[in-house]
Amino acid sequence: MIAKTFLKETKELLRDGRVRIAVAIVFLLLGAATWISARQYKNVNEQYVAAKKAERSIWDNQGEKNPHSAAHYGTYAFKPKYPLSLLDQGVDKYAGTSIFLEAHKRNEAQFSAATDQTGLARFGDLTPDFVLLFIIPLLIILLGYNSFTKEREMGTLTLLKSQGFSSWKWMLGKWMALFLPILLMATALFLVAGVVLSNLKDFGVFNWGSLFAMYLVFVVYYGIFINIVLLISARTKKSGISLVVSLCVWIIACLGAPKAASNIAESKHPYPTRQEFAANVLKDKKEGLDGHNPWSKEAKLLEQEVLLEYGVDSLHQLPFNFDAYRMQKGEEHEAEVYFKHYNYLKDQYSNQSKVYKSLAAISPYLPTRFLSMSIAHTDYSTHWDFADAAEEYRIATQKFLNGNFAENSEYGNWGYRAEAGFWKNLPAFDYNPPELNSTLARNSSNLWLMGIWLITSFGLLFLSTKTI
Amino acid sequence: MLSYNFKYELKLLLRSRWIQLLSIILLLLFGFSTFNGLHKIEKRKKDITAAHSEVEENDAMMLKLLDSVEQGMEVSASRWTIPTSPMAVGNYHPRVAAMEPQPLAFMATGQADLFTHYVKPKVSGDDHTLNFAEMTSPVQLLFGSFDLAFVIVYLLPLLIIAFSYNVLSSERESGSLRLLASQPIRIRSWVLQKMGLRFFWLSVIVLYALCIVFFMVSPPLEQVSAFLGLFGLIIAYMLFWFALAFLINLWIGRSAKNAVALLGLWIAFVLLIPSVLNQLGNTLYPIPSRTLMINEMRSLKAEVTKKQDEILDNFLRDHPEYAINDTTQFRGFYHRYMASQRLIKEELAPMINAYEDQLRKQQDWVGIFKWFSPAIIVQESLNQRAGTSTQDYEDYRKQVVSFAGSWREHFMPFLYNNKNFSQKDYPDLPKFQFVPKSFSSLLTVPLLFLISIGLFGLGFFVSTKMEKNGILTTS
């Protein structure tokens with residue numbers, strides 16, 4: 001029964017001109033999207049490599065300079081693009097790509113692509129994730145909306161019933177007939193993507209495991225949509241109504257819920273404005289040690305502490321340059337302040353994530369989107385991860401520079417210059433995104449949500465075909 | 001026939017609960033989106049007010065400090081923050097350059113979530129590194145906002161499609177078309193009348209919902225013209241989709257096929273054409289790489305720093321007035337710094353302009369090709385009416401940069417004449433006032449109407465051809 005239903009449905013789909021056109025359009029879109037994304041990806045990566053190299057040579061060739069001047073001169077950390085971003089661009093367009101690393105200050109990543117584009121950019125881009133997340137579910141609706149209703153409309157349901165058929169086998173046949181073409185499409189797409197990506201040179205480490213995980217996520221997503229579409233088809237009496245209801249579900253899940261979630265998340269857990277954030281940081285900074293100000297209360301306190309520790313009675317007798325030591329202590333205080341304020345932002349975001357997760361109850365799109373972005377390393381958490389790594393590097397750089405200053409000069413000697421070759425000793429900034437396992441572990445709630453969606457929707461479909 | 005049709009159609013729509021359903025859905029959507037928009041505006045206003053009051057507080061402290069210094073008292077502030085130094089005022093007491101929301105800003109978020117609404121330019125630092133990007137979670141930017149513009153541009157067409165995809169086909173499918181064919185009316189006029197009536201009722205509901213929205217915002221009377229303009233725009237957009245539905249109804253046949261075709265058009269107009277145009281614009285007029293800009297900027301700065309003394313000399317040669325008025329002839333860090341900054345700004349100008357030029361070219365490109373999709377036209381027009389379009393923010397940026405220039409210039413005579421800043425100089429500090437410019441074009445709505453009417457015309461043409469083949473037999 002399963003096989004027969006499956007064969008019959010597949011034949012019908014193959015004979016239907018609509019289906020052929022729709023599938024052709026989807027493939028065309030996918031092809032165009034992949035081609036555009038691949039070009040963009042290559043472009044961005046070339047720029048990244050060039051910028052990284054140029055920046056390092058600027059840093060290395062500073063010449064003789066006071067280490068603290070070099071700290072103020074600063075350097076840049078550039079965010080790399082990862083192979084799977086070819087499939088899911090995620091939030092890359094909206095997140096900055098470079099972070100300026102300087103003394104006393106943690107800077108935000110700046111220059112996101114979206115700020116350099118026209119308002120049209122907000123409509124979205126023709127990228128593979130757009131086709132995977134929006135268009136293929138629509139294709140599922142188109143293929144499956146009349147799966148059950150047509151039996152009613154043509155009167156074949158009565159015939160079937162009189163045969164004493166097993167309804168779950170019948171349903172499973174129909175399910176397979178819908179699932180198989182989608183599965184084939186997804187498999188073909190991911191295989192092609194895998195081959196293309198593994199042949200690109202110099203662009204990060206491509207991992208077949210990650211690609212496979214992403215593939216599974218999308219297959220489950222399509223499974224959920226197939227369940228929903230068939231469920232609606234089984235519960236409605238007319239094809240037209242089934243189509244309209246399925247479309248409503250699609251609109252709510254893919255368009256409405258994410259936008260509503262973003263509004264609710266923002267109004268419940270708002271971010272401070274950039275200026276507010278800066279003002280708050282400044283306020284906290286003032287309450288502690290300022291490395292540049294030897295006259296403040298905190299500086300005097302530090303002075304006494306150090307004198308006591310070394311058992312000397314003047315700063316000149318210390319074995320190192322106290323100016324640089326104070327600078328380093330100030331740097332540590334400032335780093336702590338930034339840590340606190342950025343943690344507040346992270347807390348706000350994790351609260352916002354809860355809103356997104358609670359709205360996943362009406363939208364399987366949300367957990368899928370978050371999972372796929374995470375696996376592709378184009379999500380917000382990876383961005384945070386990168387920013388944190390850059391901050392760690394910044395703190396280490398300051399320590400490295402202040403250390404050189406403290407060791408090689410004596411108190412009061414602001415004229416000290418480190419030799420020209422010194423800068424090369426600073427290790428280069430290197431960032432590695434989290435591994436697949438830790439990405440999945442971090443997203444366990446999204447995995448759960450998708451699992452629940454899949455099982456519940458299938459269970460409902462099973463129950464409703466029993467009573468058809 | 002029209003009056004009969006009118007009565008019958010209204011009864012049908014009421015009995016099938018379409019009108020009730022549409023009213024409720026539209027009211028909910030309009031209400032929710034307006035609520036979201038208002039919430040955003042409220043936050044924006046609150047932020048700006050807070051920034052202003054913070055500056056006021058700081059100013060009071062600054063004046064107190066100045067007073068103490070002028071009376072020869074000891075002050076506890078750090079040496080370089082004492083406001084007798086003009087550079088301290090310029091750096092530690094910047095003014096707020098805010099972009100206040102326009103009256104209709106609640107309608108369309110546009111670029112408002114991407115860009116900040118106030119900055120405080122200082123005398124040091126570069127104009128082009130003024131960060132105009134707002135601190136937002138990129139996830140929010142990715143998903144966008146559930147605003148009135150989203151309801152109008154994305155959802156309203158879908159409601160129209162659901163409302164009208166089977167006007168003719170359902171009659172054929174239920175067999176009543178043959179009965180109708182015996183009536184003394186042409187099928188296409190009959191479909192047109194039915195469509196017209198549906199359009200009329202939907203317009204009434206939209207008008208009603210829009211009135212409620214504007215009542216929620218409690219507008220002053222001057223917004224009547226804005227209201228009418230907005231209503232005109234929505235009606236024109238609705239007419240476009242009804243025209244498409246009319247065409248498809250005549251052209252294709254079965255309900256499900258109609259729905260699929262209309263949905264395909266929706267995807268093409270609302271999702272595909274905008275994104276393809278955007279990407280083509282980016283490919284044709286690529287924005288130069290920002291990362292490479294950073295490299296260039298830094299090598300230039302490194303070069304300039306080495307030649308600071310020379311630059312200052314040249315600068316003073318060009319500005320002899322500073323050398324004459326100053327008796328002390330003291331030259332410190334800021335004298336050199338400000339002179340080099342000026343040079344850096346001049347040198348970088350062509351590079352910075354390249355970004356603006358490319359963006360302008362992209363904008364022009366969109367300006368031409370937006371006529372491919374009414375969704376773009378309406379979205380753009382709504383953003384412009386709300387004062388949240390790309391051009392609005394570009395304009396704001398320009399105003400801020402010019403203000404930053406005058407803020408810097410204001411302190412130059414103080415600096416190079418080595419003159420202290422005093423209490424009596426306070427009232428002369430430049431202030432920023434955002435002057436909104438209107439970017440919306442009056443032509444948009446009439447042109448959109450023309451397009452829609454053209455589509456109806458096409459519908460008539462098509463149906464004449466089809467009538468020769470017999471409308472009852474087509475399926």
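In what follows, chains carry the letters A, B, and so on, assigned in the order in which the sequence lines appear, proteins first and then strands, with residues in each chain numbered from 1.
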Which bit of [X] comes within less than 4.5 Å of chain B, counting heavy atoms only: side chain, backbone, both or neither?
{"X": "A:Ala279", "result": "side chain"}
{"X": "A:Tyr48", "result": "neither"}
{"X": "A:Leu126", "result": "both"}
{"X": "A:Ile21", "result": "neither"}
{"X": "A:Tyr271", "result": "both"}
{"X": "A:Ile25", "result": "neither"}
{"X": "A:Glu108", "result": "side chain"}
{"X": "A:Trp250", "result": "side chain"}
{"X": "A:Leu282", "result": "neither"}
{"X": "A:Leu255", "result": "both"}

Per-residue contact mode, [X] against chain A (heavy atom under 4.5 angstrom):
{"X": "B:Leu29", "value": "neither"}
{"X": "B:Thr283", "value": "side chain"}
{"X": "B:Asn258", "value": "neither"}
{"X": "B:Ala133", "value": "both"}
{"X": "B:Glu394", "value": "neither"}
{"X": "B:Ile287", "value": "side chain"}
{"X": "B:Tyr393", "value": "neither"}
{"X": "B:Thr390", "value": "side chain"}
{"X": "B:Tyr285", "value": "neither"}
{"X": "B:Leu263", "value": "side chain"}
{"X": "B:Val151", "value": "neither"}
{"X": "B:Ser389", "value": "neither"}

> Distance only, no hydrogens: is a donor on one side chain within 3.5 Å (strictly under) of an acceptor on the other, for B:Gln362 and B:Asn282?
Replying inline: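 Yes, B:Asn282 and B:Gln362 have a side-chain donor paired with an acceptor closer than 3.5 Å.
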
Give a yes or no on whether a salt bridge exists between [X] and [Y], defined as a side-chain N under 4.0 angstrom from a carboxylate O.
{"X": "B:Glu134", "Y": "B:Arg44", "value": "no"}
{"X": "A:Asp88", "Y": "A:Arg369", "value": "yes"}
{"X": "B:Lys43", "Y": "B:Asp47", "value": "yes"}

>> Set out, in order, the CA-CA distance, both residues' side-chain angles and the distance that settles side-chain hydrogen bond (donor to acceptor under 3.5 Å, both in side chains) for B:Asn91 and B:Ser124, then state yes or no.
In response: CA-CA 7 Å; B:Asn91 275 329; B:Ser124 55; 2.8 Å; yes

>> Looking at B:Phe115, I'd like to know if the NZ or CZ of B:Arg397 sits under 6.0 Å from its six-membered ring centre while staying within 45 degrees of the ring's axis.
In response: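 Relative to the ring axis of B:Phe115, which defines the angle, B:Arg397 lies inside both limits.
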
>> Please enumerate all residues that pass side-chain contact (heavy atoms from CB on, under 4.5 Å) together with A:Ala265, with sequence neighbours excluded.
In response: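 A:Ala265 satisfies side-chain contact (heavy atoms from CB on, under 4.5 Å) with A:Gln352, A:Val355, A:Tyr356 only.
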
> Given the rule in the side-chain hydrogen bond (donor to acceptor under 3.5 Å, both in side chains) test, do A:Ser239 and A:Glu153 qualify, once you have shown the distances and angles that lead to the verdict?
Replying inline: CA-CA 8 Å; A:Ser239 296; A:Glu153 280 164 358; 2.8 Å; yes

>> Under the criterion salt bridge (Lys or Arg N to Asp or Glu O under 4.0 Å), I'd like the reasoning laid out for B:Lys361 against B:Asp364: C-alpha separation, chi angles, the key distance, then a yes or no.
In response: CA-CA 5 Å; B:Lys361 277 180 193 158; B:Asp364 293 344; over 6 Å; no

>> Taking the ring centre of each residue, are A:Tyr342 and A:Phe277 less than 6.0 Å apart?
In response: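 Between A:Phe277 and A:Tyr342, which both carry aromatic rings, the centre distance is below 6.0 Å.
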
> Does the side chain of A:Arg122 come within less than 4.5 Å of B:Gln379's, by heavy atoms?
Replying inline: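 The answer is no; the side chains never approach within 4.5 Å.
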
>> Using the rule given for side chain to side chain contact (heavy atoms under 4.5 Å, CB included), can you reason through B:Val366 versus B:Leu277, listing the C-alpha separation, both sets of side-chain angles and the distance that settles it, and then say yes or no?
In response: CA-CA 7 Å; B:Val366 174; B:Leu277 280 184; 5.9 Å; no

